[in-house]
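The analysis underlying the following values was restricted to heavy atoms, covering all of them including side chains, and did not include hydrogens, waters or symmetry mates.
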Amino acid sequence: MTEVKILMLPGCGELFPAKAHPDDAAWDLRARTDMELPPGRSVAVPAGFKMELPPGFEAQIRPRSGLALKHDIMLTNSPGTIDAGFRGEVAVIMYNGGREPFPVRRGDRIAQMVVCALPEVTLTASAELSGSGRGEGGFGSTGRR
């Protein structure tokens, strides 16, 4: 099992990342402060903790489906990546795609965090690439169905 160290900021113990169910893929992240997300704007919402990921791992910050469906709240850089060397407070860049300001209250679940192992990869310069069935088709080239 891989250990990820979590350092809660003073007075933020109740905001410790948690899974709603033992078999969930992601930990829920909670807002550290009360804020308002203005329509059409991105705001960094602090989550009240710092962490130490082991080398070869990243944390991905992902949106919550209920916020997206019910309130048009998205994460601007989804998924956001937290690198193993980062030791600052985790924050979530939230975007309000709705028409009204959206209140965020301390303790609200604002995002999900997945910790992922990264394979060791070497990028190699090449003068040519092998062919594939897809070729250069992209951006919907396979149709809608």
| Any donor-acceptor pair under 3.5 Å from R30 side chain to D108 backbone | no
| message | How close do C12 and G48 get, counting heavy atoms only, and between which atoms? | response | CB-O, 3.6 Å
| request: For the pair R99 and D72, find out whether any cationic side-chain nitrogen is under 4.0 Å from an anionic carboxylate oxygen. | output: no
| query | Are I61 and F86 in one and the same hydrophobic cluster, where Ile, Leu, Val, Met, Phe, Trp and Tyr link if side-chain heavy atoms are under 4.5 Å apart? | reply | yes
| query | If you take all heavy atoms of R32 and A47, which pair is closest and at what distance? | reply | CB-C, 4.1 Å
| said: If you count heavy atoms of other groups shown closer than 6.0 angstrom to CZ of R105, is the number above 12? | reply: yes
| task | With the side chain counted from C-beta on, respond yes when P63 and I73 share a heavy-atom pair under 4.5 Å apart, and no when they do not. | result | no
| Nearest-0.5 Å distance that lies between atom CZ in R109 and atom CG in L29 | 11.5 Å
| request: Specify the closest pair of heavy atoms between V45 and A31, including all atoms of both residues, with the distance to one decimal. | output: CG1-CB, 3.8 Å
| field | I93 side, atom CD1; T76 side, atom OG1 - distance, nearest 0.5 Å | value | 6.0 Å
| Would V114 end up clustered with F16 when hydrophobic side chains under 4.5 Å apart are linked, directly or stepwise? | no
| Are any side-chain N or O atoms of N96 and backbone N or O atoms of G98, one a donor and one an acceptor, separated by less than 3.5 Å? | yes
| message | In this structure, would V115 and M51 fall into the same cluster of hydrophobic residues linked by side-chain contacts under 4.5 Å? | response | yes
Show every donor-acceptor pair shorter than 3.5 Å between a side-chain atom in residues 117-127 and any protein atom, with sequence neighbours excluded, or say none if there are none.
| residue | atom | partner | partner atom | Å |
| --- | --- | --- | --- | --- |
| S126 | OG | E128 | N | 3.3 |
| S126 | OG | E128 | O | 2.6 |

| message | Check this for me: E36, atom CD, are more than 12 non-hydrogen atoms of other residues, nucleotides or ligands nearer than 6.0 Å? | response | yes
| What's the verdict on side chain to side chain contact (heavy atoms under 4.5 Å, CB included) for I82 and E58, showing C-alpha distance, side-chain angles and the deciding distance? | CA-CA 6 Å; I82 298 174; E58 69 159 330; over 6 Å; no
| Rest of the hydrophobic cluster containing Y95 (Ile/Leu/Val/Met/Phe/Trp/Tyr, side-chain heavy atoms under 4.5 Å)? | M74
| Side-chain donor or acceptor of R87 paired with backbone N/O of A84 under 3.5 Å | yes
| field | M113 CE to I6 CD1 distance, which is reported to the nearest 0.5 Å | value | 5.0 Å
| field | Qualifying residues under salt bridge (Lys or Arg N to Asp or Glu O under 4.0 Å), relative to R62, sequence neighbours excluded | value | none
| query | Are M35 and L9 connected in the hydrophobic side-chain network, where two residues link if heavy atoms are under 4.5 Å apart? | reply | no
| So, for V4 and P54, which heavy atoms are closest and what is the spacing to 0.1 Å? | CG2-CD, 4.1 Å
| Roughly how far, to the nearest 0.5 Å, is the CD atom of Q112 from the OG atom of S78? | 10.0 Å
| query | Under 3.5 Å, side chain of K5 to main-chain N/O of E52, donor-acceptor pair present? | reply | no
| field | Euclidean distance, E14 CD relative to R106 CZ, rounded to 0.5 Å | value | 4.5 Å
